[in-house]
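Bear in mind the structure is a predicted one, so any value in this text is a computation, not a measurement.
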There are 2 protein chains.
Amino acid sequence: MGTQREKITIQQIADHADVSISTVSRVLSGNAKVGAKKHEAVLEAVKALNYRPNVFARGLASGQSMTVGVITQHISSPFYDAITQGILEGFENSPYSPIIVDGQWKPEVEERMLRTLQDRQVDGMIIVGGGLSYDLLKEVNEETPIVIVARELTEFKDRCIYIDNFQAAYEATQYLIRMGHREIAHVSGKADHADSKLRLDGYKQALSDAGIPVRDELVVQGNFLPQSGLLAVETLLTRGQSFSAIFCANDQMAMGVRLALYRRGIRVPADISLIGFDDQPSSAFMTPPLTTVKPSATELGKSAAYYISNILKNVDQPLPEQSYELVIRESVAHLR
Amino acid sequence: MGTQREKITIQQIADHADVSISTVSRVLSGNAKVGAKKHEAVLEAVKALNYRPNVFARGLASGQSMTVGVITQHISSPFYDAITQGILEGFENSPYSPIIVDGQWKPEVEERMLRTLQDRQVDGMIIVGGGLSYDLLKEVNEETPIVIVARELTEFKDRCIYIDNFQAAYEATQYLIRMGHREIAHVSGKADHADSKLRLDGYKQALSDAGIPVRDELVVQGNFLPQSGLLAVETLLTRGQSFSAIFCANDQMAMGVRLALYRRGIRVPADISLIGFDDQPSSAFMTPPLTTVKPSATELGKSAAYYISNILKNVDQPLPEQSYELVIRESVAHLR
DNA sequence: AGTATTTCTGAAAACGCTTTCATAAATTTG
DNA sequence: CAAATTTATGAAAGCGTTTTCAGAAATACT
């Protein structure tokens, strides 16, 4: 009883509807017109027999897999997790199914995974961040369309979905300045990460534009992990520099910073103001709730899913614009 | 130039190695012995031509897809995210590729996704949490082996990988008692969630066993989201009950609780001690760092991946034992 | 050596669907 | 109304593997 999902093939439904299998295939794929009565008969048979097409036969015959490969970079980052989540959402009602692999932020792994996806004959790929070379991407893109999320590749502009890190960092810093801060420290992200540089540049530019000299002693190199935020505070304090605010290149590091400050008995924001980047879920519940830049990671992922779907369907479309927002909470004080 | 990954089929390598395609297939799949020289010749041809098997042809002919379907339940929970991550890791060097879909904690969606996976002919499935009925699971399991993570189904014992929520909650509560607390509040999880009940029961049992009467006014219903932790504190305070510690059914709610306390100027742990469950990544960086139960979500996922792999390979194995650990940080004070 | 076994190996038949090609039917055109 | 087109439909040829079935070759046994 129940769903006897054994071997219902188009042959069976062809028999049931008294047509040829070619006809069945045609109504199923919609690749050609078929007469009204037959059309209906087929549909009915499909329903009656609860037909489920065999993906392999389809794939083999058509060369299409109806899957898109997704390369993520995990290593516990809420921001990237959220992107993945958004991609999943974006494929919810799509004919394509995502197949996810992890690049671990290691180019070798990433390349291996990319090959795996090729072997699986994905119709398209979404690559989240990562460090694959333009040449490789280009080569692969020849046969399998690629969309890149959260990474900006000048040679690949029309395939990159990202937010303007420079501008966002600029605005975050500007906000601090508007709140009366002039001695602003920055904890930057991983050195070899493009976003890090962009955010750092935005920070510097905002300072310059406000006529505040950029002091290198006030920027310390982090790696996006909370622990590095903690260390950064120690470094800053050791350097003996005075500052009234810290702009962190992501929320995770801001958490580390906040803990270091707590340990030292330094109050936030009374003594030091703090601003982050990413708006990861927990940031709203920090003590105090963190003011941060919210890039809408989920949106990024969703857009990527839609974007590649359309590319695969050959529909023209503009590159989706990605926005961000400065969400103001309670970690920044107005200096008078 | 480069990887001319056009159409290298076993036919080509058969020609190149001067054998029949049957022989090629045999050395590739290892399903039968073939003579030493031919064996080597084939391998060499494979390397020389950079052969990549066609998954569809394979799948069609063999009926195996070499993929396992994973149903996750997202809705922004670090705990479940970590499990997914673990599953991904577990399949890293496996011949199986995971294909992930999201059930959104909604049984209807979950069932639809399950059907999608069936359509994709997955060889096995991993279901993370969720609320699918035993009957449905059993039906599907007849043809596609299923492993269930983070959910305990008595009828399906040998396929469920989970930690002992009751015991873990018991120990967390016991720890609080040992630290001198006697008025311990509990913020429970989502009402219809099995884990919630187990954790609540563990809490109650620990109290009883210590000779402390269970007071219903000290337990308030949450839903695993941070916001509900915040509300819970308000509720507790409104009820006018006195208490010195709060045990939350997960870390997210503990964050909400902590924020509510902060708003009220109540110190942690000086005034109120706090303990959570899950050890999500950010918990180590709360102010103060949160004492919590760490179930090793990643392990759970990894185990599930290994477990189903072995089931598919027909190798006998014991059900992997899942452990947890009370990680003691700074959110609980010793009451004297 | 002659026969009975056991191993290898190739030919060919699936696997379930898409798609080309040809034909029959329906429509248009002169 | 016959001829020229256009459409709808079925037969059959793939798509790239695996696997069954039989021989052929090698090995073992009397």
Open item on the list: Could you check whether any side-chain heavy atom of Phe156(A) comes within less than 4.5 Å of a side-chain heavy atom of Asn141(A), counting everything from C-beta outward?
Closed with: yes
Across the strands shown, which category fits [X] at heavy-atom distances under 4.0 angstrom: base, sugar-phosphate, nothing?
X	answer
Ser25(A)	base
Ser22(A)	base
Val19(A)	sugar-phosphate
Thr23(A)	sugar-phosphate

Open item on the list: With a 3.5 Å cut-off and heavy atoms only, can you find an N or O donor on one side and an acceptor on the other between the side chain of Arg26(B) and the base of dG10(C)?
Closed with: yes
Round to a whole Å and report the spacing from [atom1] of [X] to [atom2] of [N].
X	N	atom1	atom2	answer
Ile21(B)	dT9(C)	CD1	P	15 Å
Gln121(A)	dC15(D)	CD	P	14 Å
Ile10(A)	dA11(D)	CD1	C1'	13 Å
Asn31(B)	dT7(C)	CG	P	17 Å
Gln11(A)	dT18(C)	CD	C1'	14 Å
Asp15(B)	dG10(C)	CG	P	12 Å
Lys33(B)	dA26(D)	NZ	P	18 Å
Ile8(A)	dC17(C)	CD1	P	10 Å

- [ ] For the pair Ser309(A) (side chain) and Ala305(A) (backbone), establish whether a donor and an acceptor sit closer than 3.5 Å, ignoring hydrogens and angles.
- [x] yes
Open item on the list: When you measure from the side chain of Gln317(A) to the backbone of Tyr307(A), do you find a donor-acceptor pair of N or O atoms at a distance under 3.5 Å?
Closed with: yes
TODO: Select from Ser20(B) and Leu60(A) the residue whose nearest nucleotide in DNA chain C is closer to the 5' end of that strand.
DONE: Ser20(B)
TODO: Considering just the side-chain nitrogens and oxygens of Arg58(A), establish if one lies under 4.0 Å of OP1 or OP2 belonging to dT18(C).
DONE: yes
TODO: Respond yes when some side-chain nitrogen or oxygen of Asn54(B) is under 4.0 Å from OP1 or OP2 of dC15(D), and no when none is.
DONE: no
Task: Minimum-distance nucleotide to Ala57(A) side chain [options: dG10(D), dT18(D), dG16(C)] - done: dG16(C)
TODO: Among dG16(C), dT17(D), dC17(C), find the nucleotide with the atom closest to the side chain of Lys7(A).
DONE: dG16(C)
- [ ] Report the distance from atom CD of Gln73(B) to atom NE2 of His193(B), rounding to the nearest 0.5 Å.
- [x] 8.5 Å
Open item on the list: Could you tell me if Asp15(B) and Gln11(B) have a donor-acceptor pair between their side chains, going purely by distance under 3.5 Å?
Closed with: yes
